[in-house]
Amino acid sequence: MESSLTELGWLTVPLAVLSGAIRVGTPFLFVSLGECLTERSGRINISLEGTLVMGAMTGYGTAYLTGSPWLGVLAAACAGALLGGMHSLLCSRPGVDHIAAGIALMLFATGIAFFFGKPLIQPRAPQLPDLPLGFWSDLNVVQANLRINPLFVIGVLVAPVMWWAFNNTRWGLYLRTVGDSAEAARALGLGVNGTRAMATMIGGFFAGIGGAFLSLSYPGIWNEGLSSGQGLMAVVLVIFARWHPVRCLWAALLFGGASALAPALQSVGISSGYHLITAAPYLLTLILMIVTSSPERSLRGAPAELALNRTD
Amino acid sequence: MDAFGARTDGLAGRRRRPFLIRSAANAALAEAILIPIAAVGVAFVLFGLFLAVVGSPPLEVFSSIYRGAFGTWFSWQNTLVRAAPLMLVALCTTIPAQLGLVVIGGDGAVLLGGLMAALCGLVLAGAPAAVGLAVMAACAAVVGAGWIGLVGALRHYRGVNETISSLLFTYLAVSVFRHLVQGPLRDPETQNYPGTYPIDPAFAIGEIPSTNIHWGLAAGIVACIAIWIVIKRTPFGQAMRVVGGNPRAARIAGLPVGLLTVAACALGGAFAGLAGFFEVSAVIGRANSALYAHYGLSAVLVSFVARHNAAAVIPAAIAVGGIRAAGGLVQRAHGLPDATVMVFEGIVFLVVLWSASWYGRTPLSRMAADGK
């Protein structure tokens with residue numbers, strides 16, 4: 001970073017934050033899109049941390065064995081969908097708490113991923129190629145910081161498509177009906193559990209892709225400390241995004257950016273308050289929840305069937 | 001219902017049915033005992049299938065798990081040491097659960113309670129051990145109580161969902177903890193593993209005589225039993241359960257719902273903070289990131305599989321502690337990865353949670369219902 005300072009001066013910081021926001025934010029983006037879809041159907045899936053780890057392991061292993069990182073992404077997504085299926089199987093039973101089921105599934109998926117991932121810690125799997133979006137600049141630092149992963153681009157495209165689909169397709173209408181009133185959905189003859197199962201599986205599919213990003217792009221390795229709570233925070237991001245897929249994109253960039261700001265500041269010699277900066281988005285979300293909730297109605301804008309939305 | 005069921009039996013002069021299904025209450029009791037056993041059995045079958053698929057002999061691994069968890073006094077101690085923090089942190093979920101709240105943020109209270117205990121230990125260096133320990137434990141409990149109590153207050157006065165806010169609170173606690181431990185409070189000699197300065201060795205709480213188990217276990221067991229009595233036998237516990245059953249009815253009956261919410265959360269948080277104190281005083285000797293051992297989420301599940309019954313938290317925590325204690329032996333004896341017991345723990349949790357849907361739907365309760 002010393003040489004880059006001489007080329008761009010303090011501009012390095014915003015540039016590094018931007019590229020860091022994209023890098024750190026991509027798994028956030030996928031888990032939050034997946035969680036958003038699931039929660040719109042009225043169910044909360046808190047197990048996406050396990051899905052992320054499982055996706056990372058499956059993706060890495062598949063890429064290593066087949067030599068194709070894209071097959072790895074696909075395998076990771078399918079593993080995520082499978083875990084989503086397990087979650088909906090559990091949650092469709094009466095008397096099973098969604099939060100507890102999610103935590104248990106998270107432990108289970110993490111255990112499975114560590115179990116089968118043990119032999120994958122050493123070998124190197126082929127990585128997803130970056131898109132050189134900094135080609136227009138002569139500066140190395142610009143080129144280096146604007147090498148964007150194709151998965152991020154896919155996520156950016158998925159967000160508005162999902163938003164459009166919520167509002168303009170039959171499936172979107174079904175999903176929202178089930179999420180806002182299971183009773184109304186039943187009266188219309190919609191299968192509540194089936195719709196939720198589908199939403200949870202597709203949600204898991206996206207979260208699995210987020211996991212593949214971790215092991216196949218950034219940091220681009222597989223080990224047991226790969227995910228540091230990004231999946232658990234999906235629930236928080238979706239609240240921050242007020243259950244809107246496009247806002248999930250901004251939320252992911254903000255949360256990613258906050259994590260990237262500290263290392264960027266460190267590179268120009270500011271190193272105190274590192275962890276407090278990283279925590280800023282969480283504090284912001286908490287404040288947002290405090291401001292927008294009221295004792296009469298919890299979390300305005302949330303799907304009415306969501307367990308989070310119940311009040312006394 | 002119990003007495004009524006028994007009387008109709010007698011009047012009708014029918015053959016007496018076996019005790020277990022003589023009344024709905026008996027059937028419920030039988031279910032409460034038999035369903036967890038059946039669920040653990042199913043978990044063993046599923047885990048056995050998993051082992052068979054990956055090419056390990058299931059029965060031999062089961063036997064290793066038993067030996068590693070409960071086979072010898074040594075493994076029992078290993079198990080109990082792991083169960084102790086789980087009991088205390090599980091109460092952080094169990095107590096608010098009486099009001100119908102799902103608090104999953106015990107980890108944050110453990111961290112901040114442990115940090116506070118370490119700070120008190122540093123400030124009081126040289127003081128008599130009893131004074132130091134008492135102040136450390138009290139401050140840790142107060143910090144934990146305040147932290148989770150705030151979650152309860154936000155829930156009641158602002159309608160902020162307690163599950164999400166407690167998760168966020170944990171994240172904030174981690175950040176504050178890391179900031180302090182890696183910055184202002186850091187012992188420069190802790191290079192790779194940043195931590196505070198070590199506390200006075202006199203403030204190590206020590207072990208239960210003739211064991212290697214620290215006093216946290218005794219505290220955990222006493223706390224679980226005490227809370228069980230409080231919930232079942234005191235007006236406070238009764239009030240909490242009324243709120244959990246029907247908050248509107250509770251309010252109409254004049255119960256102070258807000259106060260109960262904050263008190264239940266604070267009490268739970270106090271025990272989680274105490275868990276942090278025991279880790280610092282008895283195990284680590286300072287506050288560092290070893291405190292952040294993710295007891296919280298497993299402890300949440302311990303509370304759930306105990307069906308939020310504080311007394312049942314004790315065996316549930318011991319079972320989970322046992323699974324973890326067996327990890328090393330399973331790894332050594334069978335060449336399996338250390339995550340094997342994690343898979344088993346996950347399967348057990350999943351099946352036991354799934355078994356929540358069996359209550360009231362087993363042949364037992366059907367037969368009891370038919371008798372009416």
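Treat the numbers as computed from the prediction; the structure is a model and nothing was measured. Lettering follows sequence order; numbering is per chain, from 1. All values below were derived from every heavy atom in this structure, side-chain atoms included, with hydrogens, water molecules and symmetry-related copies excluded.
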If one checks every heavy atom of B/Y157 against chain A at 4.5 Å, the contacting part turns out to be backbone

Compare all side-chain heavy atoms of B/L297 with those of A/L107 and state whether any distance is below 4.5 angstrom.
no

Output all residues satisfying ring pair (Phe, Tyr, Trp, His ring centres under 6.0 Å) with A/F115, sequence neighbours left out; order by chain, then residue number.
B/F50

Looking only at heavy atoms, the pair that brings B/S165 and A/L286 closest together is CB-CD1, 4.1 Å

Could you report the tightest heavy-atom contact between B/S357 and A/P94, atom names first, then the distance?
CB-O, 2.8 Å

For B/L168 and A/M289, the nearest pair of non-hydrogen atoms, with its separation, is CD1-SD, 3.9 Å

Structural part of A/I239 lying under 4.5 Å from a heavy atom of chain B:
side chain

Contacting region of B/V54 [heavy-atom separation from chain A under 4.5 Å]:
side chain

Part of B/L154 lying under 4.5 Å from any heavy atom of chain A:
side chain

State the CG-CG distance between A/L276 and B/L180, to the nearest 0.5 angstrom.
8.0 Å

Chain A: which of B/G346, B/S355, B/A356 shares the most heavy-atom pairs with it under 4.5 Å?
B/G346

Answer with side chain, backbone, both or neither: which region of B/F169 has an atom nearer than 4.5 Å to a non-hydrogen atom of chain A?
side chain

Without swapping roles, check the side chain of B/R158 against the backbone of A/I290 for a donor-acceptor pair under 3.5 Å.
yes

Apply the side chain to side chain contact (heavy atoms under 4.5 Å, CB included) test between A/D97 and each candidate in B/V102, B/V300, B/L353; give the one that qualifies.
B/V102

Give, as side chain, backbone, both or neither, the part of A/L90 having an atom under 4.5 angstrom from any heavy atom of chain B.
side chain

Between NZ of A/K118 and CG of B/L336, what distance do you get to the nearest 0.5 Å?
11.5 Å

So NE2 of A/H275 and NE2 of B/H179: to nearest 0.5 Å the spacing works out to 9.0 Å

Would you say B/W358 has more than 12 foreign heavy atoms packed within less than 6.0 Å of its CH2?
yes

Quick check for you: among A/G50, A/G95, A/A279, which has the greatest number of heavy-atom pairs under 4.5 Å with chain B?
A/A279

Largest heavy-atom contact set with chain B, pairs under 4.5 Å, which of A/I44, A/T278, A/I103:
A/I103

With side chains defined as the heavy atoms from C-beta onward, is the minimum distance between A/M233 and B/L167 less than 4.5 Å?
yes

Closest non-hydrogen atom pair, A/F114 against B/A339
CB-CB, 3.4 Å

Compare all side-chain heavy atoms of A/I46 with those of B/I104 and state whether any distance is below 4.5 angstrom.
yes

Roughly how far apart are B/W354 CH2 and A/M86 CE, rounded to 0.5 Å?
11.0 Å

Can you tell which part of A/S228 gets under 4.5 Å to a heavy atom of chain B, answering side chain, backbone, both or neither?
backbone

